[in-house]
Protein chains: 2
Amino acid sequence: MLAVDGASSLTEQVIESVREAIHSGELRPGELYSVYQLAAQLNVSRTPVREAMLRLAEAGMVRFERSRGFRVLRRDPREIAEVFHLRLLLEVPAARIAAGRAEPALIEAMRGELDAMRAAAADHDEPRFMRHDCAFHELLLAAGANRKLVSMVGNLRDATMTLGASTVDRSRTLADIAAEHEPILAAVEAADADATARAMRSHIAHMGELLLAQVAAENGVAAAPEDVDLIHSA
Amino acid sequence: MLAVDGASSLTEQVIESVREAIHSGELRPGELYSVYQLAAQLNVSRTPVREAMLRLAEAGMVRFERSRGFRVLRRDPREIAEVFHLRLLLEVPAARIAAGRAEPALIEAMRGELDAMRAAAADHDEPRFMRHDCAFHELLLAAGANRKLVSMVGNLRDATMTLGASTVDRSRTLADIAAEHEPILAAVEAADADATARAMRSHIAHMGELLLAQVAAENGVAAAPEDVDLIHSA
DNA sequence: ATCTGGCATGTAGCATGCTGCATGTCAACG
DNA sequence: CGTTGACATGCAGCATGCTACATGCCAGAT
């Protein structure tokens, strides 16, 4: 768990380490940790750890408790629903706009990512799959020409990726998810804005439902109807 | 410019001070500053200043330049357009949802804020006006039941408030802006979702155009058509 | 006069000492 | 035995020392 990323600043390396640690279950939700302790574990000083945790706190992954330490927040189905509600509100219109402007080079790049997703799904390589999934969406969003929107959606995606961690084998699901991107790409290629928006909406809503169900299942219950409704109210 | 806010942490006080300093023109866009210098001016140590600037950098108000200091970013009309595009994408649907759930207490509270806005406009008190404007929107958003959305819109609003600073007398405009809130409130009171969405859309788009025109005028040109289009493409 | 190389300067970033505070613990008292 | 209050513990937050580095300047060479 040593911070040996090739990244630039120690703070960013710590952020990445903590993300992975949460993802892998090394840092458990609900538990209290301290900057001291984490700094010792990562073999860096307290300052970059503190700055990293402050940024994660701002992102809502962690909460500082006065004179006690910080707590990794428990996965909240409600939050998943909120994130996907937001992604629908942002990504669907962005995709609609982008559909009218897709250059051949963009189509080609997106197809490349889709192929890479399929390959990663076949290899059961979830991290690689997620990278290409992410790249696919970002390529389309970038064509929508609102840089702030792109970065905000990126943050939302990061949140879901660490939130939605799971060790269950999802190879079948991965292939399904990859398949959902085909209609999106086809609609973009056809420069059909409405179809692009529909495909994107259905894809994101589906992803949201999957994650919602998964987190609910971990809590031993079914997904709350109001959370499902929130996603679909977008 | 001493950091004597009633706020909690020094870092937050510094953030507020710097926001005000940018707003008041004390810190000029394009200029280079250093954490050392600012810490001395504010009479605090470098650490909270550094943390404050990092957070402002994340918000896009400032950019660190390796071994040189940080630069206050110039007001970019494009960014204004992007922010209002986002606000339309988020606030209009949120208002639509909230319209169906407005309790009498909410209506009353919103009316209170609207009255306060009118009073502040009459007093030419822009900061007070902005506070109540902000409160009005937040009341409605909170009824929309997506907490993440509320906080994201809050961040966007903060960005525009410091971006859109101006010393021009806008008392007439302030009264106009207050008046734009009346149809929103009326539509919410009537539980008319479509009318609420229309009123909110028109209000936010109008605000965006005003700020866009203002910043463009400062640069001595008219607002770029593509920026105006971006706002209306939401 | 122009080019070049070393040095002074100022910076972000990291490490670490210091302080006030919240909480848990345990002993003394009723 | 129950209650209360002082103390120990551990924390975040702030201050400050330290280091590597990018840049600008100036002297000296061509």
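Note on naming: letters A, B, ... go to the chains in the order of the sequence lines (proteins, then strands), and numbering restarts at 1 for each one. As a basis for the values below, the full set of heavy atoms in this structure was taken, side chains included, without hydrogen atoms, waters or symmetry mates.
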What protein N or O atoms touch nucleotides 18-26 of chain C N or O atoms at under 3.5 angstrom, if any, and at what distances?
| residue | atom | partner | partner atom | Å |
| --- | --- | --- | --- | --- |
| C/dC21 | O2 | A/S67 | OG | 3.4 |

Phosphate contact (D/dC14 OP1 or OP2) by B/S45 side-chain N/O below 4.0 Å: no
If only atom types and distance count, is the side chain of A/Q37 paired as donor or acceptor with the main-chain N or O of A/S34 below 3.5 Å? yes
Tell me whether B/R147 is salt-bridged to A/D76, with the criterion being a basic N under 4.0 Å from an acidic carboxylate O. yes
Taking atom C1' of C/dG10 as reference, at what distance in whole Å does atom CD of B/E65 sit? 14 Å
Looking for any heavy atom pair under 4.0 Å, which part of the strands does B/T47 touch: base, sugar-phosphate only, or nothing? base
Please check: side-chain N/O of A/R71 versus main-chain N/O of A/G30, any donor-acceptor pairing under 3.5 Å? yes
Give a yes/no on whether any side-chain N or O of B/S34 is located under 4.0 angstrom from OP1 or OP2 of C/dT11. yes
Go through C/dA12, D/dA12, C/dA15 for me and flag the one nearest to the A/V44 side chain. C/dA15
Looking at B/D125 and B/A120, would you say the former's side chain and the latter's main chain have a donor-acceptor pair under 3.5 Å? no
Check whether any side-chain nitrogen or oxygen of B/T11 sits under 4.0 Å from OP1 or OP2 of D/dC14, and answer yes or no. yes
Using whole Å, report how far CG of B/L32 lies from P of C/dT11. 9 Å
Determine the minimum heavy-atom distance between B/A223 and B/V228, stating which atoms define it. CB-CG2, 4.2 Å
I need the CZ-C1' distance between B/R50 and D/dC18, as an integer number of Å. 14 Å
Rounded distance (Å) that lies between atom C1' of D/dG10 and atom CZ of A/F64: 15 Å
Could you run down the sub-3.5 Å N/O contacts of the protein with nucleotides 5-7 of chain C?
none

Salt bridge or not between A/E79 and B/K148? Use side-chain N to carboxylate O under 4.0 Å. yes
What is the distance from CG of B/L54 to C1' of C/dT11, rounded to the nearest Å? 14 Å
Cation-aromatic face contact A/R63/A/F70, 6.0 Å, 45 degrees: no
Please give, in whole Å, the distance from C/dT11 P to B/Y33 OH? 13 Å
What integer distance in Å separates A/R71:CZ from D/dC11:C1'? 13 Å
Should the pair B/R55-B/E51 be classified as a salt bridge under the 4.0 Å nitrogen-to-oxygen rule? no
Is there side-chain contact between A/V153 and A/L141, with heavy atoms separated by less than 4.5 Å? yes
Quickly work out the B/I15 CD1 to D/dC14 P distance and round it to whole Å. 11 Å
